[in-house]
Amino acid sequence: MNTSPKYNPQEIEKKWQEKWVADRLYEVKENDPHPKFYALTMFPYTSGDLHIGHWYAMAPSDVQARFKRMQGYNVLHPIGFDAFGLPAENAAISRGIHPYTWTMNNIENMRRQLKTIGAIYDWSREVITCVPEYYKWTQWFFLKLYEAGLAYRAEAPVNWCGKCQTVLANEQVTSEGLCERCNTPVVRKYLEQWFFRITRYAEELLDHSKIDWPERIKIMQKNWIGKSYGADLSFGLEYKGIAEKELRVFTTRPDTIYGVTFFVMAPEHPLVPKLTAPERKAAVEKYIHQTLRQTEIERTSVEKEKTGVFLGSYVINKVNEEKVPIWIADYVLPSYGTGAVMAVPAHDQRDFEFAKKYGLPISVVIAPPDWDGKELDAAWVENGTMVNSAQFNGMPSDKAFDAICDYMESKNWGKRAVTYRLRDWLISRQRYWGAPIPVIYCQKCGIVPVPEKDLPVLLPQDAEFRPTGESPLKYCESFVNTKCPKCSAPAQRETDTMDTFMCSSWYFLRYTSPDADNYPFDKARMKFWMPVDLYTGGAEHANMHLLYARFFNKAIRDIGVVNFDEPFTRLFNQGIIIYKGEKMSKSKGNVVTPDVYIGELGADAVRAYLMFVGPWEMGGEWNDNGIVGMSRWLNRVWNLVTANYTARTTTPDAEKELLRITHQTIKRVTQDMERFRFNTMLAALMEFTNYLGKVQDEGTVSASAWQQAISTLLLLLAPSAPHLAEELWVTTGHPYSIHNQKWPTWNEELAKEEEVTLVIQVNGKLRDKVTVPVSITEDEAKKLALSQERIKPYLNNKQPAKIIYVPGRLINIVVG
RNA sequence: GCCGAGGUGGCGGAAUGGUAGACGCGGCGGACUUAAAAUCCGCUUUCCGCGAGGAAGUGUGGGUUCGAGUCCCUCCCUCGGCACCA
């Protein structure tokens with residue numbers, strides 16, 4: 001009779017969490033003799049509540065970190081909060097709470113929630129990005145980048161809401177191009193902004209050869225950086241009142257140069273006013289005005305019909321001295337290439353549509369195969385044979401690419417060139433709740449960086465939060481007005497703050513020594529832990545945080561702050577948890593709160609269930625019933641371990657089998673852990689539990705063999721269900737703590753099967769199965785297969801044409 | 001449009017080119033119970049068959065192979081990313 005207490009997750013989870021903290025079980029030291037392992041999980045934004053989606057990121061990463069810890073690594077698995085950002089400010093405006101208070105209250109709640117997960121977080125290393133001790137160093141890094149020439153100020157187009165009288169971040173503009181807050185159409189405006197020169201690192205950022213990252217993330221970054229090979233070509237310019245004698249374009253198709261029939265500039269191109277003929281002035285200005293009123297989203301919509309106007313001026317195509325009309329059109333972007341294109345309507349679909357609309361000539365210079373010389377229905381963008389291209393006629397177009405580049409270079413009309421799609425990183429935010437950009441503007445001295453000794457530039461406590469959307473810093477005189485650090489004349493502070501991605505570009509360095517106060521980190525401790533061995537988080541950051549952090553690392557490497565090329569050696573992206581068919585989000589109202597399930601079934605059940613829904617990288621669906629099954633299994637483990645075991649009819653064979661299955665399970669669980677297949681890892685443990693249940697019923701092994709199997713089960717379960725495993729470990733008489741035990745290893749010999757089931761197929765169809773010793777020879781196996789009563793009818797008394805034998809698997813008899 | 005990941009029972013999902021559907025949920029039947037819950041045991045891809053057994057079956061259509069969910073080609077659908085990038 002089992003008289004042990006029932007499994008009570010709430011009680012044991014609270015008990016062990018308190019004890020682990022009291023014993024400082026998970027505090028991490030640098031002087032530990034074990035090899036270091038830095039297991040980083042993306043820190044959460046301080047939105048207020050953790051939902052199951054957060055747990056899906058946190059729980060399996062903790063399992064992995066615990067697994068590494070048991071394997072003998074000194075594991076740093078820290079946690080902190082990404083605490084600056086817009087929502088805090090919006091809360092301040094709508095509810096009258098100061099962003100600091102709002103954020104800190106949220107952190108308190110999230111910290112409480114995070115502690116219920118039962119993770120090995122070392123809370124003594126907690127990092128919060130919005131406290132002065134942290135953002136002082138974010139500002140310090142800005143100064144270092146500025147000194148290195150990697151931060152600069154320039155005019156840039158931004159999203160402007162006329163009603164709110166402010167700039168909006170891209171994230172604040174709805175997909176319809178409206179202001180998120182007031183639904184006013186957002187327009188473009190040109191403002192002075194701070195940028196980081198990420199483009200200087202475009203080439204190095206394309207190189208992922210030093211890191212072990214998922215292929216899809218590497219591809220996403222490659223596409224985002226967008227390297228194009230082509231040529232910079234020069235077109236002649238003869239226009240009164242203009243000094244320039246040429247206009248340059250970037251093209252990926254220099255082979256189509258003879259097919260240029262018009263020339264298109266971005267409406268914002270600085271030379272447009274000068275190249276506009278007097279009689280075209282009104283039309284051109286009207287068009288420019290229309291373009292500027294469009295949002296980025298409207299302008300770049302693919303469905304939109306092409307529009308443009310003729311400037312009344314011409315360029316000369318140097319290869320054939322043809323006069324080519326210059327147009328402006330909003331499909332040409334000012335920020336890519338040279339802001340101007342040579343239009344080849346026969347071989348570019350956009351130019352084709354434009355030419356059709358405005359009746360411009362379409363000249364084929366690359367003949368498609370079997371071309372009949374007639375008009376094209378669409379641009380031919382593939383390779384072909386050169387035609388109408390002077391001395392290049394008859395050449396395959398891919399060869400002509402090089403030939404024409406050589407020709408242009410020899411004439412000094414252009415040269416081969418590479419262009420990137422990547423733009424510099426705009427870090428200015430017209431917001432209060434961010435790290436102030438540490439810069440002062442002086443009438444006399446211009447832009448003056450705040451001296452290092454004056455850091456941090458503190459956010460003023462007395463800023464006002466008005467519902468107008470204006471930056472509270474701009475109207476906070478005590479903040480704005482200061483003295484020039486150089487000449488002491490009255491001067492003004494920069495009122496923009498930094499993009500929060502700046503804060504998250506170095507937080508993992510801070511974890512290594514969060515108490516450092518004369519440098520962003522303690523150099524020795526940072527060197528000890530970095531780079532991160534395993535980084536886990538969502539794939540949605542592929543082209544933001546993950547790219548910024550790589551850039552930032554390379555920038556500070558070149559400044560001499562760190563000495564490694566990449567911050568994250570290995571990356572793993574978990575998928576997304578969906579609920580009721582959609583991604584969980586507050587706005588959709590389909591958020592599942594973990595607290596309820598922890599209260600009812602315990603954190604161990606929630607952790608294990610999240611791992612069980614599917615492969616971690618694929619994401620999965622939260623199912624309210626599914627977790628009940630996980631809870632049932634943990635209960636079965638509890639009952640199995642706490643029940644008295646009585647050996648009845650023990651046999652050597654039964655013990656051998658138990659040992660075999662134990663070692664097979666160790667192998668499966670270990671290998672699944674290593675490849676992040678937590679779902680099948682738990683399935684293996686469930687099978688093991690089911691098997692142990694049978695052994696217990698039958699009492700076929702000795703008590704000591706039983707105890708051995710049970711303790712292995714608990715060790716394998718420890719990372720996934722740390723509280724349950726600890727409780728059962730201690731109650732079965734083992735020394736505290738299970739989390740300081742060695743991960744079990746398997747013995748291949750003991751795991752080996754003695755008998756296998758051979759499948760017998762006839763013409764590939766399963767017809768019978770036989771159980772044979774693994775030592776069976778090929779001849780014996782074939783003979784056995786042919787002699788099976790169930791097989792004989794399929795043979796028709798004929799000799800089989802062929803017999804395929806796969807040892808340990810099957811025999812396939814091929815009959816004619 | 002381009003790039004990437006997917007498409008397997010009623011559901012979530014397992015399957016180094018070799019027994020498709022592990023494990024779990026749900027469902028059905030049974031045990032225990034006055035009864036219910038909980039727990040335990042059995043069954044559960046579909047169709048035909050009393051049964052033994054047979055047939056079909058991994059989005060579609062082809063191909064390679066003794067053998068294909070898995071490899072190759074065509075197309076369709078879902079999800080994620082990018083998108084007038086010259």
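Letters A, B, ... mirror the listed sequences (proteins, then strands); counts begin at 1.
Atom CD in A:Q664 sits about 14 Å away from atom C1' in B:A22, given to the nearest Å. One interatomic measurement links the two molecules: CZ of A:R421 to C1' of B:C84, which rounds to 12 Å at whole-angstrom precision. Atoms OH (A:Y609) and C1' (B:G13) sit 10 Å apart, rounded to a whole Å. Atom P of nucleotide B:C79 and atom CD of A:E540 are separated by 18 Å, given to the nearest angstrom.
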Using distance only, find each side-chain donor-acceptor pair of residues 804-816 of chain A under 3.5 Å and give its atom names and separation, not counting sequence neighbours.
| from | atom 1 | to | atom 2 | distance (Å) |
| --- | --- | --- | --- | --- |
| A:N812 | OD1 | A:N763 | N | 3.4 |
| A:N812 | OD1 | A:G764 | N | 2.9 |

Show me the side-chain donor-acceptor pairs of residues 258-269 of chain A shorter than 3.5 Å, one per line, residues at least two apart or across chains.
| from | atom 1 | to | atom 2 | distance (Å) |
| --- | --- | --- | --- | --- |
| A:T261 | OG1 | A:P361 | O | 2.8 |
| A:E268 | OE1 | A:R299 | NH2 | 3.3 |
| A:E268 | OE2 | A:R299 | NH1 | 2.4 |
| A:H269 | ND1 | A:L271 | N | 3.2 |

Please set out all donor-acceptor pairs under 3.5 angstrom arising from side-chain atoms of residues 414-422 of chain A, sequence neighbours excluded.
| from | atom 1 | to | atom 2 | distance (Å) |
| --- | --- | --- | --- | --- |
| A:R416 | NH1 | A:D406 | OD1 | 3.1 |
| A:R416 | NH1 | A:E409 | OE1 | 3.2 |
| A:R416 | NH1 | A:E409 | OE2 | 3.4 |
| A:R416 | NH2 | A:D402 | O | 3.4 |
| A:R416 | NH2 | A:D402 | OD1 | 2.9 |
| A:R416 | NH2 | A:D406 | OD1 | 3.1 |
| A:Y420 | OH | A:E203 | OE1 | 2.2 |
| A:R421 | NE | A:W224 | O | 3.1 |

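A donor N or O paired with an acceptor N or O is not found under 3.5 Å between the base of B:C85 and the side-chain atoms of A:R350. A:K306 contributes a side-chain N or O that forms a donor-acceptor pair with the base of B:C84 under 3.5 Å.
For A:K227, the NZ atom sits in a packed shell: over 12 heavy atoms of surrounding residues, nucleotides or ligands are nearer than 6.0 Å.
Regarding contacts with the backbone of B:A83, every side-chain N or O of A:N223 stays at 4.0 angstrom or more from both OP1 and OP2. At B:C23, none of the side-chain N or O atoms of A:R668 fall inside 4.0 Å of OP1 or OP2 (strictly under the cut-off). When the side-chain nitrogen and oxygen atoms of A:N679 are compared with OP1 and OP2 of B:A14, one or more of them lie within a distance under 4.0 Å. Between A:K765 and B:A56, a side-chain N or O to OP1/OP2 separation shorter than 4.0 Å is present. Residue A:Y794 places at least one side-chain N or O closer than 4.0 Å to OP1 or OP2 of B:G54.
At the heavy-atom level, A:R767 lies under 4.0 Å from the strands shown only through sugar-phosphate atoms. Residue A:G629 is classed as a sugar-phosphate contact, given heavy-atom separations below 4.0 Å to backbone atoms only.
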| query | Where do A:R648 and A:E698 land on the salt bridge (Lys or Arg N to Asp or Glu O under 4.0 Å) test, with the steps shown first? | reply | CA-CA 7 Å; A:R648 277 186 280 271; A:E698 291 160 12; over 6 Å; no
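To the nearest whole angstrom, the two P atoms, one in B:A56 and one in B:G67, are 15 Å apart.
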Produce the list of close N/O pairs, under 3.5 Å, pairing protein atoms with atoms of nucleotides 4-10 of chain B; give distances to one decimal.
none

Detail all sub-3.5 Å separations between protein N/O atoms and N/O atoms belonging to nucleotides 15-20 of chain B.
| from | atom 1 | to | atom 2 | distance (Å) |
| --- | --- | --- | --- | --- |
| B:U19 | O2 | A:K769 | NZ | 2.7 |

| query | Dot-bracket for RNA chain B: what is it, with Watson-Crick or G-U pairs under 3.5 Å, [ ] where a pair crosses earlier ones, and | for a pair to another strand? | reply | (((((((..(((.....[....)))((((((.......))))))((((....))))..(.(((..]....))).))))))))....
